[in-house]
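The figures that follow rest on heavy atoms only: side chains count, while hydrogens, waters and symmetry mates do not. Counting starts at 1 for both ligands and their atoms, in listed order. Values in this document were obtained by computation on a predicted structure and should not be read as measured data.
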Amino acid sequence: MFADIIIDITHEKLDKIFQYRVPEALEETLAVGMEVEVPFGMGNRLTRGYVVGFSETCGYDEEKMKEILRPAGRSVAIESRLVALAAWMKESYGGTMIQALKTVLPIRRTEQAKEQRILRRLISVEEGKKKLEEYLHKNQKARARLMAALLDDEEIDYSLVTKKLNITLPVVRALEEQKVLEVSFHQVYRNPVRETNREEKKPVYTKEQVQAIETFCRDYENGDYRTYLLYGITGSGKTEVYMEMIREVVRRGSQAIVLIPEIALTYQTVMRFYRRFGDRVSIMNSRLSAGERYDQMMRAKNGELDVMIGPRSALFTPFPDLGLIVIDEEHESAYKSEQVPRYHARETAEKRADLEGASVVLGSATPSLEAFYRCQTGSIHMMELKARTAGRLLPQVYTADMRKELSEGNRSILSKMLRHLMKDRLKKGQQIMLFLNRRGYSGFLSCRSCGYVVKCPHCDVSLSAHKNGKLVCHYCGHEEPTVNICPSCGSRHISGFRAGTQQIEELVKREFPAARVLRMDLDTTRSKEGHEKILAAFANEEADILVGTQMIVKGHDFPNVTLVGILAADMSLYAEDYRAAERTFELLTQAAGRAGRGKEPGEVVIQTYSPDHYSIQTAARQDYRAFYQEEMDYRKLMGYPPAKHLLAVLASSEDEALLEKGMYYLRQYGTALAKPRQVGVIGPASPHVGKVKDVYRRILYLKHKSRPILVEMKDKMEQYIEINKGFDKIRIQFDFDPVQVF
Ligand code: ADP
Ligand code: ZN
Ligand code: ZN
C-alpha cells in the first residue's frame, strides 16, 4: 500500500503530493489526516507531513520509493482534522485533493502585514455629546456619525470606520485637529473595543429566546452535539440567541465560528459581537489581504481568539477546540461555493462539527427547504421565535395585480396603490425603498394581460427565449418556436420581462420631482466603497427613496423606512430553475421585513402579474409553512431537491464538436451506470449562457434519492473521463444540488 503525503501545508503553492510506501506494521492504523515522519529530499532529512490519501498503485519507480518512518505521535493536531475534512470534501463534491486542501488550510503568503490603525476618543462623554450637537447643528453629517460611534466605543478600528461608516480621511483629520480623537497604530490586529468599555447590556430575553438558549445549553452540557434550526422572523432576536449560545461554549473553554453573508456583515452587527466578547473576537472578510487572513488564522490556532465572524471561508478557521458553528441566514445561496470543490457551507459545517465534536446552529427567517425538510424528518432540531422583539409588528402587505392595472389603462411601472402610498410617505417625511427584483435571468416570456408564462412540458420550469427565435428548456433541452400571441388569452402583450433600476429611478424622479432619490445596483456600487456610501447616505436620511436590486433587501436596518415597494415580483418567480419559487418567497419576505423596523408600523406593496401564485400569496401573508407545503409538493412531484438529489455534470470546451461528442459518450456511459441504480438522466442541455467567451457549455443532470449513489456515479464518471483521451480538452466539474444555473 502507498500513501499520499503533503509536506508543507502552509506553503503558498501547496501543489506537490509525494508518494511513500506504507510499512506493513502501519497498514491498519494509518488514516487520512494523520501526521507522520518521513525522510525527505536528497539528504533524507527527517520531516513531518500529513497523509492525504491512499493508493494501491505506485506512481513511479517502486524501487526508489521511500517509506514512512512513523506516526508523528502528537495528539491529533487541528491540521489533521482539517485534512480529514478536505478528504471528505474531495470525496463528496469532486475535484482534486489539492483543490480541497487549498480551500481548507490557511496558506501562508509572503506579504507584509498591514499596520492596524485605531481611533481613540480623547474627550469625555459629556464633551463628546456637546460636539455631536455642534456637528448636527452645522449639518456636518459625517463628523456627527463618527462622533456618535466614538461615544458608543472609546476606541474603534479605523478600517471599520472607513469601510462600514463611510467616513473619509479628511473627516478623521479634522477631528484629530480638534483634539477630539487620536489615531494610533498597532502592528497586530487588535480589538477596537477596549476591555473596560464592554457593556453587558443584555435585554430581558423573551420566553422563546430563553427556551432556545436553554435547550442548546442543556444538550451541549450533556455532550449531545446536534444541528439546530433557529427559525425566527426578521427582527425576532436571533442574533441575541446566537450570542448567548456562544457565551456558553466559550465559558466551557471552546471556540465558535459565526458565518454571516458578507453583504449582511454590517458595522452594527460586528460591533455587537465586539461589545459582547471583547478582543477575543475577530472578523474575516474579502477585503483582508492574504497576509492578514493568514494572521487571523494563526491567532485562532494559537488560542488568542474565541469567536471568528465571517463569510463562507471563515468556516475553516483552525480553532483548537471548536464547539459551535453558527450559520446566520442559512438559506443564502452565497453559502454554496461556485468553485471546485463546489461545497455547501451548511453540509460542510455539519461534517466538521461531526469530526470535531461541535454543534451547529442554522438561523433564518426563511429557512431553506433543505433545512426545514430535515426538521420535518427529525434530523435537525427546530427552535422557533414567532414574534418581533419590543412588540413591533410585521408590516401590512398588499398585492397589486398588474394585469388589472393594464386593463384599466395604467401602463406605468408603479401601481396606483404604490403611487398613493409613496405620496403619503413623502408628505410625512418617512423613507421608502423600491426593490426591483432582478434575480434570475429575464429570458422567459410572460403575458402582461393574463400573466401566462411559457413553461417546459417536462420539467415545469420557464422556457428561455434564445436569439435564434426558439424557446429552450435549460434542464432537458426541450425546444419550441417562440410565440407572439399569448396561447392562453390571445393578447399581444406577451414578451420578455425587462425593467432596469435606472429606468425606475428616472420615472420616480419625474413623478416626484421634490423627492431625493438614491439608486443602488451593480453600476452604482462598482467603486470600492460605493455600496456602504449609499447605505450610509440613506441611513443619514440624505434621501427619501432608495431604488435598488436585491442588494438593498439583506439585513439592513433603517428605522425610518415605512414603505417598501416590490416591483416585478415575478422576475425571480420564472427564473428557469427549480428554486425560483423559493428565491421569490425569500426575497419578498426579506424585502417586506425592511419595512416598519422603527416605531412606526410599515406597509409593503407587492406588484405582480401572478397574484394567484402560491409563492406570492404566502409571502404576502408571511406564511412560511404554507409556502413550504406547496413547494415541497412540487419538489416531490418533480423529484427536485430536497425530495431527491441532483448531480449536475458541467462540461465546457472551446471545441464545440468535441464537446458534443464527449457529452454523447458520457451520456451513454452515465445511462448504462444509471439503469441498474435507477438513476434518472436528463439532458445534456445548453445552459442560457451556452457560449461564453468562445467557450461552449453543456450540462447533464442525474437524479436520485440517495446521495451516496450519486457520489458513486461521480467517482465512476471521473475515472471514465480520466482514462479517455477524448476528454483531454473538455473541462468537467461536478455540482451536487446546484443553487445556480451554470
Ligand atoms: P434578528 O437577528 O432575528 O434579526 P436581532 O437579534 O438583531 O434579531 O434583534 C433585533 C433587535 O431587537 C436588536 O436591536 C436587538 O438588540 C433587539 N432585541 C433582541 N432581543 C430582545 C429582547 N428580548 N428584548 C428587547 N430587544 C431585543
Ligand atoms: Zn395572456
Ligand atoms: Zn425541460
Strictly by modelled atom types, are Q430 and T562 linked by a side-chain donor-acceptor pair under 3.5 Å? yes
Of the listed options (R272, E240, K238, E329), which comes nearest to atom 7 (O) of ligand 1 when hydrogens are ignored and any heavy atom counts? R272
Please tell me whether D570 and T608 have a donor and an acceptor in their side chains that are separated by less than 3.5 angstrom. yes
Please test Y231 against Y624 for ring-ring contact (aromatic ring centres under 6.0 Å, His included), starting from the C-alpha separation and ending with a verdict. CA-CA 10 Å; Y231 163 43; Y624 176 83; 5.5 Å; yes
Which one holds for D328 and ligand 1: side chain close, backbone close, both close, or neither close, with close meaning a heavy atom under 4.0 Å? neither
Pair H493, S449: side-chain N/O donor-acceptor within cut-off below 3.5 Å: no
Going by the order shown, which atoms of ligand 1 are within less than 4.0 Å of some heavy atom of T206? 23 (N)
For ligand 1, does S236 get within less than 4.0 Å through its side chain, its backbone, both, or neither, judged by non-hydrogen atoms? both
Of the non-hydrogen atoms in G683 and L700, which two are nearest, and what is the gap between them? C-CD1, 3.7 Å
Is there an N/O/S atom in C447 that lies less than 2.8 Å from the Zn ion (ligand 2)? yes
Does an N or O anywhere in P203 fall below 3.5 Å from an N or O of ligand 1? no
Look at the rings of Y220 and F216 and say which category their plane angle falls in: under 30° parallel, 30 to 60° tilted, over 60° perpendicular. parallel
How wide is the angle at the Zn ion (ligand 3) between SG of C476 and SG of C456, to the nearest 10°? 110°
